[in-house]
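One-based numbering along the sequence shown. All heavy atoms count here, side chains included; hydrogens, waters and symmetry mates do not. Source: prediction; values computed, not measured.
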Amino acid sequence: MPADAPGREGPTPFARRILAAYIAVTALVLVLMMVLGVLMRLAQSEWLALDPALFYQSMTIHGVGMVGIAAVGGAAVMWYFLSHHVRLDARILLANLVLFLAGTVAILAAAFLGGFAGAWTFLFPLPASSGGAWESGAAATFLLGLLGIGVGFLLLFLDVARALIRDRGGLARALGWPQLFAGSIEPAPPPTVVASAMVTIVNIPALVAGAAIIVISLVNLIVPEFGVDALFAKNMTYFFGHTFVNATMYMTVIAVYEILPRHTGRPWKVNRVFLAAWTASTAMVLLVYPHHLMMDFVMPAWALAIGQVVSYLNGFPVLLVTGLGTLAIVHRSGIRWSATTTLMFIGMFGWMAGVIPAILDATIVVNRVMHNTMWVPGHFHFYMLLGLVPMLVAFMYHFTGLERGAPEGGAAPDRWAIGVFLFAGLGFVVTFLQSGRDGVPRRWAQHLPEWLLQDRIAAALSLLVLAAGAVMLLRVLRGALRGGAAWSAEA
Ligand code: HEM
């Protein structure tokens, strides 16, 4: 891949090895978290007897694990491609992975040894009010683990910010503001630089807010008289959680901008519409989180109105420029439909389609009825499972070299796995949505007999999703562990 300037030729061999470790960890954790998801679905269908306490511990680990690993995978995509444009510090990349792994050990111990089951949202004052389900030590271990992971990501984004300021002349320049607002005729920044600037701008305040509320919750565990307004705490938590999860998608989509052009022989064009879309989304991602608080009637009405209006607009700019850009770049390009390119397309479809039920849920009158139902896992599994995961796997195929040497249309196991993943995945998320439409509550370990048919359909489909996902991800894991030609050369 051509570098922008000398000294920015992409990852060094040391950084490539760390990135291979990121990919191996992402592949392994995705499979393990899918196993937990299947176990929860089997338990809700009454095909598996799972102690409710264990269900909620598993739900906590599945939620935090999936969000965390989406961020690790997304960070690998961003770092790998961005390192061709700016000088990044591989030691910080490594520090983030080490902190992630250490935090993961703490979180697993808190849940499965200490019994912590306060969900990945750890909503204040729940960590300290378990009703006897867990001790405060378990809650503290969970929060400390999460804090360590957050600090790792904060270091990573501070390094990205430093590199963008030093090598691209600042964050505004990296977003292409001179071209957008000042009529500059200099070449616009590459899409990877624009997306990385956006993610950095939104994630730094989000991570700081998250760390602050975690520390407040930790102090509250030790000194129960020390508290904070619960509504304020919820605002901070969702400002952190929503922004951080959203950013995983904006990091991962860099793979589309970078990999598709290599398969079509056409560059990804950055025009003023593209720049305007990313700038608009930068502002809106920061403003949209109140749509998580629509059931909190004490929230000021203006904040909820912002949440609703911005939810309608938030995803569209980047989604549209990326979706239309993808169609334009592929149309009559003679593209070869390999596993990588097919997965990219599925990812684009999952992202675009999954946003529709999300927008419905962000409508205040709908939200008041639907928000605590299965509709919500329905919409976010749609764009995470069928949007983010296929894009991540496509990147991993690219990086590990699995995309090379496969016969026309991809290797047979890939073709089968991709087909099963798409159709079983669609059925799986639609069943979640249908259950939500019928009013089945979310986050319930035990379901009523009337809900079991849908649960069982979803459980069977989830087994297929797991099998197909495991075929692809375990191949990636093997490729990343073997290293070899693919990732040590031009990945
Ligand atoms: C085989 C694939 C998967 C299965 C079977 C699965 C299953 C489940 C189930 C049963 C729940 C609990 C639903 C409820 O009753 O509220 C859940 C929640 C969740 N899942 Fe998944 N899931 C899968 C993949 C994913 C992926 C790929 C992501 C994100 C990258 C993800 C993120 C989450 C999150 C954040 C929660 C919310 C946990 C909470 O409510 O605290 N899942 N999943």
Separation between CD (Glu258) and CH2 (Trp268), nearest 0.5 Å, reads 11.0 Å
How about Thr431 and Gln454: does a side-chain donor come under 3.5 Å of a side-chain acceptor?
no
Examine distances only and state if a side-chain atom of His381 and a backbone atom of Pro377 form a donor-acceptor pair shorter than 3.5 Å.
yes
Do Trp79 and Tyr22 make the cut of ring centroids closer than 6.0 angstrom?
no
Atom pair CG/OG1 of Asp414 and Thr342 - distance to nearest 0.5 Å:
9.5 Å
Side chains of Thr322 and Tyr257, donor plus acceptor under 3.5 Å:
yes
Spatial distance of atom CE (Met66) from atom CD1 (Ile61) [nearest 0.5 Å]
12.5 Å
Strictly distance-based, threshold 3.5 Å: is any side-chain N or O of Asn96 a donor or acceptor partner for the main-chain N or O of Phe153?
yes
Under the 3.5 angstrom rule, does the side chain of Arg166 hit a backbone N or O of Arg87 as a donor-acceptor pair?
yes
Nearest 0.5 Å, what's the CZ-CG distance between Arg162 and Leu88?
9.0 Å
Between His85 and Phe81 (judged by ring centroids, cut-off 6.0 Å), do the two rings come close enough to count as a pair?
no
Closest heavy-atom pair and its distance - Val376, Arg442
CG1-NH1, 3.5 Å
Just how far is it from atom CD1 of Ile214 to atom CG of Leu147, taken to the nearest 0.5 Å?
5.5 Å
Ring-plane angle category for Tyr289 and Phe239, please: parallel below 30°, perpendicular beyond 60°, tilted otherwise.
perpendicular
Main-chain N/O of Ala458 paired with Arg41 side-chain donor or acceptor, under 3.5 Å:
no
Could you tell me whether Phe142 and Phe116 have their ring centroids closer than 6.0 angstrom?
yes
Does the ring centre of Trp351 sit less than 6.0 Å away from the ring centre of Phe382?
no
Distance alone, cut at 3.5 Å: any donor-acceptor contact between the side chains of Thr341 and Ser338?
yes
Could you check whether Tyr238 and Phe244 have their ring centres less than 6.0 Å apart?
no
Are the aromatic rings of Phe428 and Phe432 close, with centres under 6.0 Å apart?
yes
Can a donor-acceptor pair be found, under 3.5 Å and without considering hydrogens, that links the side chain of Arg168 to the backbone of Ala174?
no
